[in-house]
Q: 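Sharing a structure here in structure tokens format.
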Amino acid sequence: MNDRLSRVQASRSAAVKARLQHPVIDTDVHVNDYAPVLEDYIQHYGGSALVDALRKALGGRFVTRTGGGKDWYQQTPEERQYHRTLRAPWWARVTRNTYDLATYTLPALLYERLAEQGSDYSVLFPNDVLSPAAAGGEYRQPLHRAINHFHADQYRAYADRLTPVAGIPLHTPQEGIEELEFAVKTLGLKVINIAGGVRRPIRAIADKYPAKEHPEIARQAGYIDFYGIDSEQDYDPFWAKVVELGVPVTTHYGSQGWTGRQSISNYMNNHIGHFADGSQAFAKALFFGGVTRRFPGLRVGLLEGGADWGAHVYTHLVDRWEKRNRVAVRNYDPAEADVALLASLFERYGADYIRGRAGYESTLLRDSLGISALPHSREPDASEIDDFALAGIEKVEDIRDRWVSNFYFGSEADDRTVAAAFNTRVNPLGAKINAIWSSDVGHWDVPEFTEPLAESWDLVEQGVIAAADFKALVFDNPHRFYTEANPRFFEGTEVGRKLATAAP
């Protein structure tokens with residue numbers, strides 16, 4: 001007891017928390033699963049084949065893409081060049097601070113130490129929660145179900161301060177609905193985590209080179225389905241079920257391995273900005289595909305990428321809509337050009353260009369624009385000239401309502417770029433982007449469990465953000481994210497108790 005008290009007294013974050021008049025909600029805590037217990041659980045749930053499937057899924061990320069079965073660590077530099085194997089992180093877990101290592105692994109210890117961290121409630125992302133997404137089709141759903149069941153059982157006793165997310169597979173809308181209903185209705189889980197996209201084969205290539213006969217081609221020739229625009233499957237039933245069940249959606253979707261992030265030797269080259277890029281692709285697909293228009297109650301948390309990219313995309317959505325909405329885009333319609341005026345200007349200022357060229361008037365517009373064959377011989381459909389048609393954008397306020405309202409952006413404690421979220425002078429219509437405090441404890445970027453809240457307060461003292469922005473970051477926005485999806489989210493929790501006590 002004295003040891004615990006001394007640790008709390010030594011914590012900078014606990015000192016910050018003591019001065020606050022509101023709860024603190026941590027939207028992103030990473031915990032480890034103690035493998036022997038997890039595997040025993042899965043063994044009982046689905047037999048040794050399910051355990052083997054999990055082990056294979058956990059070890060497959062940095063294995064060579066083109067065969068051989070070796071991971072990055074096992075390959076020589078020459079083999080990495082030959083196979084173009086994505087660089088793996090050499091070390092990625094906190095270890096020197098052994099007390100913290102145990103904290104991320106033992107639910108009871110994590111629960112006890114929240115006072116040191118300065119948080120009242122934490123949403124947990126077990127590191128294994130999305131590993132089943134890499135498993136084969138026959139194992140994907142049972143692995144998700146088994147792991148979700150394990151986590152629900154592990155943390156049920158600590159539900160007033162801790163809740164784990166449920167990993168939901170989305171290779172098809174139906175499997176997503178099935179696992180969502182089991183996670184919420186049977187296990188009582190309240191938040192889900194999904195991959196921001198699913199890699200699928202390009203059918204024109206897959207038909208010619210079947211995966212069973214040409215696995216090396218199948219690994220390379222594919223695209224990512226982000227469940228929104230251009231998806232070959234209709235995910236609306238899944239989003240409808242999410243809204244019906246009152247579940248906030250989260251993702252830690254990265255882009256390591258994408259073009260520009262394919263270094264075989266430098267992990268940081270691939271890592272910096274990759275969560276922002278991956279989440280941006282996912283969020284834009286939902287926006288441009290009209291998902292946020294059709295489901296205004298959908299709440300999506302895009303974690304670990306910061307909030308500055310959310311402000312950046314919002315601003316450029318507005319900028320581009322103003323230049324390329326269905327009316328403004330007519331500024332670029334060749335049919336709108338005055339060919340007679342163009343000809344007269346050529347005759348006056350470019351006579352050398354047209355001298356001796358009979359019939360130049362008939363090709364003047366085409367040649368001036370550098371277009372060999374105009375594609376505008378027919379009147380285009382609305383969707384062909386208006387990229388904002390599916391999103392249903394008629395005015396700037398629609399962009400705000402379908403981007404700012406639906407999306408929340410996980411910002412880590414020491415991320416100074418979070419200031420962009422609160423910059424009402426830059427963000428169109430004076431909007432503030434929904435930055436949510438995500439400590440990311442449990443990962444390598446947080447070497448000390450008790451520091452994140454204090455690091456965020458440091459931004460206030462340094463003048464990066466205001467005290468009101470800090471409150472929005474650590475409480476107002478996270479609270480709104482969860483309760484707009486599910487008004488009863490915090491019932492029976494420490495946050496609910498504190499709010500009830502503070503109510504007049």
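Not measured: the values here are computed from a predicted model.
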Q: Looking at Arg299 and Thr250, would you say the former's side chain and the latter's main chain have a donor-acceptor pair under 3.5 Å?
A: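 Side chain of Arg299 to backbone of Thr250, a donor-acceptor pair under 3.5 Å: no, none is there.
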Q: Using atom types as modelled and distance alone, determine if a side-chain donor or acceptor of Ser255 lies under 3.5 Å from a backbone N or O of Trp258.
A: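 No, because the side chain of Ser255 does not come within donor-acceptor range (under 3.5 Å) of the backbone of Trp258.
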Q: Residues in side chain to side chain donor-acceptor pair (under 3.5 Å) with Asp415, at least two apart?
A: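 Listed in chain order: Thr417.
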Q: Please enumerate all residues that pass salt bridge (Lys or Arg N to Asp or Glu O under 4.0 Å) together with Glu451, with sequence neighbours excluded.
A: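 Glu451: salt bridge (Lys or Arg N to Asp or Glu O under 4.0 Å) contacts with Arg12.
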Q: Return yes if some donor-acceptor pair links the side-chain N/O of His479 with the main-chain N/O of Phe475 below 3.5 Å, else return no.
A: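 Checking the backbone N and O of Phe475 against the side chain of His479, no donor-acceptor pair under 3.5 Å is found.
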Q: Do any N or O atoms from the side chain of Ser344 and from the backbone of Leu341 form a donor-acceptor pair under 3.5 angstrom?
A: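 Yes, Ser344 side chain to Leu341 backbone: donor-acceptor pair under 3.5 Å.
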Q: The criterion is ring pair (Phe, Tyr, Trp, His ring centres under 6.0 Å); which residues satisfy it with His171, sequence neighbours excluded?
A: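 Partners of His171 by the ring pair (Phe, Tyr, Trp, His ring centres under 6.0 Å) criterion come out as none, since no residue qualifies.
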Q: So does Glu336 pair up with Arg330, basic N to acidic O under 4.0 Å?
A: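 Arg330 and Glu336: not salt-bridged.
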Q: Kindly determine whether Arg320 and Asp387 satisfy salt bridge (Lys or Arg N to Asp or Glu O under 4.0 Å), including the steps that lead there.
A: CA-CA 10 Å; Arg320 282 155 174 75; Asp387 288 326; over 6 Å; no
Q: Rounded to the nearest 0.5 Å, what's the gap from CZ on Phe287 to CD on Gln280? Could you check?
A: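 Nearest 0.5 Å value for the CZ-CD distance: 12.5 Å.
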Q: Just distance, no hydrogens or angles: give the donor-acceptor pairs under 3.5 Å from side chains in residues 23-30, sequence neighbours left out.
A:
from	atom 1	to	atom 2	distance (Å)
Asp26	OD1	Asp28	N	3.1
Asp26	OD1	Ser439	N	3.1
Asp26	OD1	Ser439	OG	3.3
Asp26	OD2	Gln117	NE2	2.8
Asp26	OD2	Ser439	OG	2.5
Thr27	OG1	Trp437	O	2.8
Thr27	OG1	Ser438	OG	2.6
Asp28	OD1	His30	NE2	3.0
Asp28	OD1	His252	NE2	3.0
Asp28	OD2	His252	NE2	3.3
His30	ND1	Phe125	O	3.3
His30	ND1	His443	NE2	3.4
His30	NE2	Glu304	OE2	2.8
His30	NE2	Asp440	OD1	3.1

Q: Using ring pair (Phe, Tyr, Trp, His ring centres under 6.0 Å) as the criterion, list what pairs up with Trp91, not counting sequence neighbours.
A: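 With neighbours one apart ignored, the set is empty.
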Q: Test your reading of the model: is there a side-chain donor-acceptor pair from Ser119 to the backbone of Ser122, 3.5 Å cut-off?
A: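 Side chain of Ser119 to backbone of Ser122: no pair is present.
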Q: Would the distance check show the side chain of Asn148 and the main-chain N or O of Gly167 forming a donor-acceptor pair, the cut-off being under 3.5 Å?
A: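 It does hold such a pair.
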Q: Can you tell me how far the CZ atom of Phe422 sits from the CG atom of Leu473, to the nearest 0.5 Å?
A: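 Atom-to-atom, Phe422:CZ and Leu473:CG are 5.0 Å apart.
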Q: Are any side-chain N or O atoms of Asn127 and backbone N or O atoms of Val31, one a donor and one an acceptor, separated by less than 3.5 Å?
A: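 Here the side-chain-to-backbone pair exists.
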Q: May I ask you to test the His312-Asp308 pair for a side-chain heavy-atom distance under 4.5 Å?
A: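 A side-chain contact is absent here, since even the closest heavy-atom pair is not under 4.5 Å.
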Q: Please walk me through it: do Gln262 and Arg87 pass side-chain hydrogen bond (donor to acceptor under 3.5 Å, both in side chains)?
A: CA-CA 8 Å; Gln262 296 175 318; Arg87 171 65 157 98; over 6 Å; no
Q: Between Arg219 and Glu216, does at least one N-O distance fall below 4.0 Å, as a salt bridge requires?
A: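 No, no charged N to carboxylate O under 4.0 Å.
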Q: When the ring centroid of Phe481 is compared with that of Tyr408, is the distance short of 6.0 Å?
A: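 Close enough - the centres of the two rings lie under 6.0 Å apart.
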Q: Taking only residues two or more places apart in sequence or in another chain, which ones pass salt bridge (Lys or Arg N to Asp or Glu O under 4.0 Å) with Arg203?
A: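 Applying salt bridge (Lys or Arg N to Asp or Glu O under 4.0 Å) to Arg203 gives Glu232.
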Q: Could you give the distance from CD1 (Ile202) to CG (Asp207), rounded to the nearest 0.5 Å?
A: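 Going from the CD1 atom of Ile202 to the CG atom of Asp207 covers 11.5 Å.
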Q: To the nearest 0.5 angstrom, please state how far the CH2 atom of Trp309 sits from the OH atom of Tyr314.
A: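 Interatomic distance, Trp309 CH2 to Tyr314 OH, rounded to 0.5 Å: 14.5 Å.
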Q: Output all residues satisfying ring pair (Phe, Tyr, Trp, His ring centres under 6.0 Å) with Tyr235, sequence neighbours left out; order by chain, then residue number.
A: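 With sequence neighbours excluded, Tyr235 shows a ring pair (Phe, Tyr, Trp, His ring centres under 6.0 Å) to Tyr227, given in chain and number order.
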Q: Checking Arg480 against Asn434: is there a side-chain donor and acceptor pair closer than 3.5 Å?
A: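 There is such a pair between these side chains.
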Q: At their closest point, which heavy atom of Leu180 faces which heavy atom of Ile192, and how far apart are they?
A: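 That closest heavy-atom pairing would be CD1-CG2, 3.7 Å.
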Q: Step by step, would you call Glu491 with Arg488 a salt bridge (Lys or Arg N to Asp or Glu O under 4.0 Å)?
A: CA-CA 5 Å; Glu491 286 186 5; Arg488 303 181 61 184; 3.1 Å; yes
Q: For Phe470, enumerate each residue passing the ring pair (Phe, Tyr, Trp, His ring centres under 6.0 Å) test, keeping only those at least two apart in sequence or located in another chain.
A: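 Once residues adjacent in sequence are excluded, the partners of Phe470 under the ring pair (Phe, Tyr, Trp, His ring centres under 6.0 Å) criterion are Trp457.
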Q: Let me see the working for Asp277 and Arg261 under salt bridge (Lys or Arg N to Asp or Glu O under 4.0 Å), right down to the final yes or no.
A: CA-CA 10 Å; Asp277 285 353; Arg261 300 184 182 280; 2.5 Å; yes
Q: Sequence neighbours left out, what pairs pass side-chain hydrogen bond (donor to acceptor under 3.5 Å, both in side chains) with at least one residue falling in residues 422-432?
A: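 For residues 422-432: none.
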Q: Could you work out, with side chain to side chain donor-acceptor pair (under 3.5 Å) as the rule, every residue matching Arg326, not counting sequence neighbours?
A: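 In terms of side chain to side chain donor-acceptor pair (under 3.5 Å), with neighbours along the sequence ignored, Arg326 is linked to Glu394.
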Q: Which residues pass the salt bridge (Lys or Arg N to Asp or Glu O under 4.0 Å) test with Lys190, not counting sequence neighbours?
A: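 Partners of Lys190 by the salt bridge (Lys or Arg N to Asp or Glu O under 4.0 Å) criterion come out as none, since no residue qualifies.
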Q: I would like to know whether Val249 and Ile194 meet side chain to side chain contact (heavy atoms under 4.5 Å, CB included); could you show each step before the answer?
A: CA-CA 7 Å; Val249 179; Ile194 64 173; 3.8 Å; yes
Q: Taking the six-membered ring for Trp, are Trp444 and His271 ring centroids under 6.0 Å apart?
A: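 Ring centres of His271 and Trp444 closer than 6.0 Å.
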Q: Roughly how far, to the nearest 0.5 Å, is CD1 of Ile272 from CG of Asn269?
A: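 Asn269 atom CG to Ile272 atom CD1 measures 8.0 Å (nearest 0.5 Å).
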Q: Given the side-chain rings of Phe288 and Phe388, with only the six-membered ring counted for Trp, is the space between their centroids under 6.0 Å?
A: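 When the ring centroids of Phe288 and Phe388 are compared, they turn out to be within the sub-6.0 Å range.
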Q: Drop me the distance from Ile205's CD1 to His214's NE2, to the nearest 0.5 angstrom.
A: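 Ile205 atom CD1 to His214 atom NE2 measures 12.0 Å (nearest 0.5 Å).
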Q: Between Asn270 and Ser263, is any side-chain donor less than 3.5 angstrom from a side-chain acceptor?
A: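 No donor-acceptor contact under 3.5 Å links the two side chains.
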Q: Which pair of heavy atoms, one from Leu429 and one from Val396, lies closest together, and at what distance?
A: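 Taking Leu429 first and Val396 second, the nearest heavy atoms are CD1-CG1, 3.6 Å.
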Q: Could you walk me through whether Phe275 and Tyr253 satisfy the ring pair (Phe, Tyr, Trp, His ring centres under 6.0 Å) test, starting with their C-alpha distance in whole Å, then the side-chain angles of each, then the deciding distance to 0.1 Å, before giving a yes or no?
A: CA-CA 6 Å; Phe275 280 118; Tyr253 193 56; 9.1 Å; no
Q: Compute both the distance and the angle, then confirm whether Arg80 meets the cation-pi test with Trp72: under 6.0 Å from the six-membered ring centre, within 45 degrees of the axis.
A: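 Yes, a cation-pi geometry.
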Q: In chain order, what residues pass the salt bridge (Lys or Arg N to Asp or Glu O under 4.0 Å) check against Asp234, with sequence neighbours excluded?
A: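 Checked Asp234 against salt bridge (Lys or Arg N to Asp or Glu O under 4.0 Å); zero matches.
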Q: If you define the side chain from C-beta out and look only at heavy atoms, does anything of Tyr332 sit under 4.5 Å from Arg324?
A: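 Tyr332 reaches Arg324 side chain to side chain.
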Q: For a 4.5 angstrom cut-off between non-hydrogen side-chain atoms, does Leu189 reach Pro164?
A: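 Answer yes - side chains close enough.
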Q: Salt bridge between Arg293 and Asp398, side-chain N to carboxylate O under 4.0 Å?
A: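 Answer for the salt bridge query: no.
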Q: Between Glu244 and Lys241, is there a salt bridge with N-O shorter than 4.0 Å?
A: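 Result for this pair is yes, salt bridge flagged.
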